[in-house]
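Both counts, for ligands and for their atoms, begin at 1 and track the order of listing.
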Amino acid sequence: MLDSIFKDNLFEGKRVFITGGATGMGLGFAQSFLKHGAKVIIASRKKDKLSEAATLTEEKLGKKLLWKQMDVRQNETVEKVAEFIDSEWGGLDILINNAAGNFFAPLAAMSENAWRAVIDIVLDGTFRVSKACYPLLKKAKDDASIVNIIANYAWNAAPFVGHSGAAKAGVLNLTRTLALEWANDKIRVNALCPGVVLTENVKQNLLLDEKAAKTFEEYIPVGGITDPEKMAQQVLYLCSPAADVITGDMLIADGGQWLVGNAFYQMGKQFLDE
Ligand code: NAP
């Protein structure tokens, strides 16, 4: 496992909320913040995954990971979690908008429901959670931080993941807008664009076999397929005092993949031949 370059107590006493933090990268972010002294709450739809993540984390780190059930598509559940955080902690220092859904589908074959589901989770969900947390973030003693997790097709074409591409592009724009609107409240808002991480979700919905993963690997100039710990280091940096001059920006941590070519286009071409 990667050793952190940050001081153990860098986030001592900080209060962190991560959407979709029971699996994949979100859980990596949660454990990294805990290791650096923060209090962390995660929230998503599946109770069993949330409770399993909390148990495993307690066994691994001896630290409590709070969790609540929440669907970012349902505003009342989002507001309930924000109320819980306020009653438990009296405010919030860091919000990571990480929840997402994605699957391969050419736009011509995509149902309106499928399109709406991804936009609702990724773009609308980021808006809902950020808005519900705004009064809590305003109460932070020092700078507060939001990090929105996007993808490297957000500013480029997103062939065969068009719903996710449009949603992540919206999140990037929202990141910059909120950075300006909330600057006077000392809330920094940035985006992280991760590299390829073979989380369960990615294995089940995008890179279905080793050949697919290999195709992606060929498009990564440095670092190869990466892992949640490495991506967590980028998030920690964006939320750290060292980054207090950074807002409305995005950190692309994909090993230069986006510069090389569109791996999604190469992989999704099969849909054009069908
Ligand atoms: P993941 O393990 O599937 O994490 C996504 C999380 O979102 C899940 O824990 C899921 O939990 C939650 N979620 C989905 N729908 C939700 C809803 N309606 N309400 C609340 N939570 C919901 O995927 P990941 O690969 O770690 O991805 C994490 C983030 O990185 C995503 O934003 C993704 O787009 C981005 N990203 C990933 C990669 C990669 O290679 N993995 C690359 C670029 C960007 P429940 O099922 O319990 O709701």
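The closest protein non-hydrogen atom to atom 30 (O) of ligand 1 is Ile149 CG2, 3.3 Å. Of the protein's non-hydrogen atoms, the one nearest atom 25 (O) of ligand 1 is Thr199 OG1, 2.6 Å. Nearest protein heavy-atom contact of atom 19 (N) of ligand 1 is Val72 N, 3.0 Å. Among all non-hydrogen protein atoms, the one lying nearest atom 37 (C) of ligand 1 is Met25 CE, 3.3 Å. Protein heavy atom at the shortest distance from atom 5 (C) of ligand 1 is Ala100 O, 3.8 Å. The closest protein non-hydrogen atom to atom 6 (C) of ligand 1 is Gly20 O, 3.6 Å. Counting only heavy atoms of the protein, atom 42 (C) of ligand 1 lies nearest to Gly195 O, 3.4 Å. Looking only at protein heavy atoms, the nearest one to atom 34 (O) of ligand 1 is Lys168 NZ, 2.9 Å.
Selection from Ala22, Pro228, Ser44, Gly21 by nearest heavy atom to atom 21 (N) of ligand 1 gives Ser44. Of the listed options Arg45, Arg128, Met231, Gln69, Arg45 places a heavy atom closest to atom 16 (C) of ligand 1. The heavy atom nearest to atom 32 (O) of ligand 1, out of those in Asn98, Asp120, Thr23, Thr126, is found in Asn98.
Looking at Val40 and Leu66, their side chains never come closer than 4.5 Å, going by heavy atoms from C-beta outward. Using a 4.5 Å heavy-atom threshold, the side chains of Thr199 and Thr23 count as separate. Annotation: side chain of Asn190 is in contact with side chain of Ile246 (closest heavy-atom distance under 4.5 Å).
Contacts of Lys49 with ligand 1, taken as heavy-atom pairs under 4.0 Å, are absent altogether. Counting heavy atoms closer than 4.0 Å to ligand 1, residue Ile150 contributes backbone atoms (N, CA, C, O) but none from C-beta onward. Proximity of Glu200 to ligand 1, defined as any heavy-atom pair under 4.0 Å, is not found for any part of the residue.
Around atom CZ of Phe104, more than 12 heavy atoms belonging to other residues, nucleotides or ligands sit under 6.0 Å away. Atom OH of Tyr265 sits in a sparse spot, with 12 or fewer heavy atoms from other residues, nucleotides or ligands closer than 6.0 Å.
Remark: distances from the non-hydrogen atoms of Pro194 to ligand 1 include one below 4.0 Å.
The side chain to side chain donor-acceptor pair (under 3.5 Å) test with Asp120 singles out one residue from Arg128, His163, Arg73, and that residue is Arg128.
Here is the list of ligand 1 atoms found below 4.0 Å of a heavy atom in Met70: 19 (N), 20 (C). Short contacts between ligand 1 and Asp71, defined as distances under 4.0 Å to a heavy atom of the residue, involve ligand atoms 17 (C), 18 (N), 19 (N). Close approach of ligand 1 to Ala99 is summarised as follows: ligand atoms under 4.0 Å from at least one heavy atom of the residue are 7 (O), 13 (N), 21 (N), 22 (C). The Ile121 neighbourhood of ligand 1 comprises atoms 15 (N), 18 (N), with distances under 4.0 Å to a heavy atom of that residue. Under a 4.0 Å criterion applied to the non-hydrogen atoms of Gly24, ligand 1 contributes the atoms 2 (O), 26 (O). Below 4.0 Å from some heavy atom of Val196 lie the following atoms of ligand 1, by number and element: 40 (O). Per-residue contacts place Val202 under 4.0 angstrom from the following atoms of ligand 1 (heavy atoms of the residue considered): 25 (O), 39 (C), 40 (O), 41 (N). The contact set between ligand 1 and Arg73, taken as ligand atoms under 4.0 Å from a residue heavy atom, comprises 18 (N).
Between Phe33 and Phe11, the ring-plane angle classifies as perpendicular under the 30° and 60° cut-offs.
Salt-bridge annotation for Lys214 and Glu217: absent, with no side-chain N of the basic residue lying under 4.0 Å from a carboxylate O of the acidic one.
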Q: Determine, step by step, whether Ser130 and Leu178 satisfy the side-chain contact (heavy atoms from CB on, under 4.5 Å) criterion, reporting the C-alpha distance in whole Å, the side-chain angles of both residues, the deciding distance to 0.1 Å, and the verdict.
A: CA-CA 9 Å; Ser130 302; Leu178 290 180; 4.1 Å; yes
